[in-house]
There are 4 protein chains.
Amino acid sequence: MPETGGRTSPKKRADARRNEQTLLDAAAAAFVASGVDAPVRDIATRAGVGMGTIYRHFPTRADLVIAVYRHQVDACAKAGPTLLASSGTPHAALAEWVGLFVDFLVTKHGLASALQSDSARFEALHAYFLDRLVPVCAQLLEAAAAAGEIRSDVGGYELLRAIGNLCAGVEGDTRYDARRMVELLIAGLRRSE
Amino acid sequence: MPETGGRTSPKKRADARRNEQTLLDAAAAAFVASGVDAPVRDIATRAGVGMGTIYRHFPTRADLVIAVYRHQVDACAKAGPTLLASSGTPHAALAEWVGLFVDFLVTKHGLASALQSDSARFEALHAYFLDRLVPVCAQLLEAAAAAGEIRSDVGGYELLRAIGNLCAGVEGDTRYDARRMVELLIAGLRRSE
Amino acid sequence: MPETGGRTSPKKRADARRNEQTLLDAAAAAFVASGVDAPVRDIATRAGVGMGTIYRHFPTRADLVIAVYRHQVDACAKAGPTLLASSGTPHAALAEWVGLFVDFLVTKHGLASALQSDSARFEALHAYFLDRLVPVCAQLLEAAAAAGEIRSDVGGYELLRAIGNLCAGVEGDTRYDARRMVELLIAGLRRSE
Amino acid sequence: MPETGGRTSPKKRADARRNEQTLLDAAAAAFVASGVDAPVRDIATRAGVGMGTIYRHFPTRADLVIAVYRHQVDACAKAGPTLLASSGTPHAALAEWVGLFVDFLVTKHGLASALQSDSARFEALHAYFLDRLVPVCAQLLEAAAAAGEIRSDVGGYELLRAIGNLCAGVEGDTRYDARRMVELLIAGLRRSE
DNA sequence: CATGAATGAGTGTTCATTCAT
DNA sequence: AATGAATGAACACTCATTCAT
């Protein structure tokens with residue numbers, strides 16, 4: 001448990017952390033350039049380290065991907081309750097939160113596609129996203145449903161998956177606006193009386 | 001010039017045609033199992049033929065993929081005008097037609113994912129789908145918009161793309177119902193006044 | 001023995017011969033374009049026949065190559081004694097005959113290279129050229145040697161091989177003139193006193 | 001920067017270098033046996049390494065071929081000026097140098113054939129040989145021509161090409177002596193008055 | 001601990017050759 | 001006899017992953 005103030009971790013710790021951050025930055029860059037399937041060697045080269053180092057820190061590709069996006073996923077997860085408290089209505093909060101999620105996905109080219117992949121190597125990634133975000137999404141949905149604003153038969157997992165899908169493979173397609181499509185989806189949730 | 005019903009084509013033709021069908025069936029199966037990127041060798045094995053046979057019939061992967069789905073795409077394209085004529089309202093026709101398309105995509109696991117692929121090798125596939133279906137979808141959208149039932153700022157390409165995305169990677173995910181999600185999307189199109 | 005005037009060979013014979021000539025022409029063209037290794041299918045296509053037809057007429061590639069060049073090789077072989085009789089000196093006759101051979105090789109792009117090939121598939125080709133031309137070349141060499149014009153320690157096979165080599169792979173190399181190099185070689189044969 | 005005799009290069013280097021030498025030896029052997037087109041797998045097997053190792057060390061086939069012959073080509077190039085200084089006459093120097101080149105080519109069966117190849121994949125090989133040897137050959141030719149010993153209308157490239165050709169495909173042909181034929185060629189260069 | 005050399009399975013693709021029709 | 005569909009060996013090349021140094 002490396003708390004900031006601890007006296008236990010000597011220089012080493014700082015170094016290692018710096019190193020890991022270099023790795024994550026390099027991976028993020030590689031992901032943008034070549035998708036989440038970017039060759040390990042590319043990432044290593046970008047980071048200026050050997051490939052072995054990457055495997056040491058992140059035994060599985062999913063580990064690496066998760067680490068790269070952890071902060072943003074966490075931030076997104078935390079924003080849910082906040083928005084619910086501050087927005088006018090639950091449905092508005094949901095829309096805003098979904099907007100946040102879309103912004104995240106759309107700027108991380110290749111991520112949404114990776115989330116679709118049923119390859120075993122991305123299982124952990126899948127799981128992480130779900131663990132963190134499904135509850136949040138579900139909470140927002142429930143609040144909106146409880147307020148009578150939307151139908152109550154759509155779950156967090158399903159909505160999240162749909163949003164992820166709508167954001168996949170958008171890379172340079174000027175005729176397709178993922179954000180708009182997601183808005184349509186959210187609009188479609190409205191209770192039809 | 002293969003006249004309808006003519007008995008002109010020599011015996012060979014019959015054999016070759018049968019073989020080609022075997023190929024298409026095998027390819028379809030392989031696509032379901034491994035996506036549209038299924039190794040040529042796998043497809044050949046499934047069909048019980050040599051790899052060369054596949055290359056003979058379908059020089060390019062796109063040729064194969066298109067051939068596999070051609071009939072259904074065509075049927076889908078033709079259904080558009082028909083539905084428009086027979087359904088109660090344009091929006092109803094649109095919904096029904098979209099349902100048809102989703103049924104097609106959802107049962108062809110792997111197809112939707114391939115349509116997302118920006119790989120050059122699938123360019124022709126992409127083009128084929130777009131050429132055939134975008135006009136139909138656009139026509140339905142326009143009719144519904146003209147009737148004042150839906151917003152008029154969503155184009156055929158965009159909607160088709162969104163639907164395709166919603167249907168991608170669904171393979172065995174019991175918690176996600178692509179059909180429902182697409183319905184949400186279509187519902188979201190409704191004119192919000 | 002299908003003599004022209006025989007009454008034995010009905011139409012069939014004429015057809016078959018015409019067919020075979022078509023084959024040879026097509027092969028010759030293909031050889032020029034792609035070398036003596038031209039794909040069988042290419043040749044068949046050029047000839048407008050099926051591949052099987054080629055295999056029927058020429059079971060081995062060497063058979064085909066030999067057939068293609070037979071006339072010219074024979075003509076070359078026959079020219080030897082003629083030149084010996086008509087030219088001023090045996091060495092002059094040798095030079096002229098060699099010139100003939102070089103003309104032949106140089107215009108048959110790819111042939112010289114094929115003659116070098118030690119691939120078993122060209123064994124018969126090799127043998128044919130040797131059987132026909134080595135004796136002629138040897139005769140000319142012997143005459144010139146007997147006349148005291150050239151050294152007597154170079155044999156027909158060896159000289160032929162050297163010439164063939166000098167003509168190989170010349171295809172479009174403007175800085176290399178095979179003819180000149182062969183002339184150098186022949187000049188080098190001169191008795192050095 | 002590998003200084004002479006320095007102990008700077010880390011241990012690894014020694015291993016890698018040894019390995020590379022193994023590779024070069026294996027490649028040389030494979031080239032002798034199957035020509036410079038020897039399958040990568042064969043070379044790898046001979047060397048007792050995986051194919052990937054070869055691609056790591058020599059990304060392109062030309063890289064490999066050049067590396068295999070570099071030392072000897074360089075030695076040959078350096079011998080030119082030396083012989084010119086030490087031999088009795090320029091023509092003698094030329095003859096000796098050519099002898100060196102022939103010795104090299106003849107023992108590297110398959111090399112001469114590769115030099116003939118117009119395949120794009122051997123472009124770099126071709127260029128390397130030419131860059132290194134044409135100037136040397138040209139210098140010797142010019143010196144002999146200046147001394148009035150030989151004709152002055154044959155260039156370095158042309159002579160080198162002719163020699164290379166004479167040495168091609170000699171593999172186990174006991175009736176053909178490339179060395180003798182080249183001598184004939186050189187003899188043929190003598191000024192004919 | 002880091003390094004990066006080595007491994008080798010996996011895949012696309014070409015063509016000579018055979019053989020059912 | 002002719003056809004051309006089918007076969008399958010052969011080869012190049014890429015990368016994830018392991019492990020000796």
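Residue numbering restarts at 1 for every chain, and letters A, B, ... go by the order of the sequence lines.
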Original post:
Mapping A/Ala38 and B/Ile54 onto DNA chain F by nearest heavy atom, which one lands closer to the 5' end?
Top reply: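 Its nucleotide being nearer the 5' end, the pick is B/Ile54.
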
Original post:
How do C/Gly50 and B/Val49 order along DNA chain F: which one's closest nucleotide is nearer the 5' end?
Top reply: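 Going by which nucleotide is closer to the 5' end, it is C/Gly50.
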
Subject >> C/Thr53 side-chain N/O to F/dT3 phosphate OP1/OP2 under 4.0 Å >> reply: yes

**OP:** Please determine if a side-chain N or O atom of A/His57 lies less than 4.0 Å away from the OP1 or OP2 oxygen of E/dC1.
**Re:**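 No, because none of the side-chain N or O atoms of A/His57 sits under 4.0 Å from OP1 or OP2 of E/dC1.
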
Nearest-neighbour nucleotide for the [X] side chain, [options] considered:
X	options	result
D/Met51	E/dT18, F/dT7, F/dT14	F/dT14
A/Pro39	F/dA2, E/dA16, F/dA16	F/dA16
B/Arg56	F/dC15, F/dA5, E/dA6	F/dA5

Original post:
Looking only at N and O atoms, is any donor in the side chain of B/Arg41 or the base of E/dG12 less than 3.5 Å from an acceptor on the other one?
Top reply: yes

What is the distance, to the nearest angstrom, from the [atom1] atom on [X] to the [atom2] atom on [N]?
X	N	atom1	atom2	result
B/Asn19	E/dT21	CG	P	12 Å
B/Leu64	E/dT13	CG	C1'	15 Å
C/Tyr55	F/dA1	OH	C1'	18 Å
B/Ile43	F/dG8	CD1	P	17 Å

Original post:
Does A/Ile43 reach the side chain of A/Leu64, with side-chain heavy atoms less than 4.5 Å apart?
Top reply: yes

**OP:** Mark yes when over 12 heavy atoms from residues, nucleotides or ligands other than B/Glu123 sit less than 6.0 Å from its CD; otherwise mark no.
**Re:**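 At most 12 heavy atoms, drawn from other residues, nucleotides or ligands, come within 6.0 Å of this atom.
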
**OP:** Please say which of B/Leu125, B/Val36, B/Val65 ends up in a side-chain contact (heavy atoms from CB on, under 4.5 Å) with B/Leu115.
**Re:** B/Leu125

Original post:
With both distances under 3.5 Å as the test, what is the Watson-Crick or G-U wobble partner of E/dA16?
Top reply: F/dT7

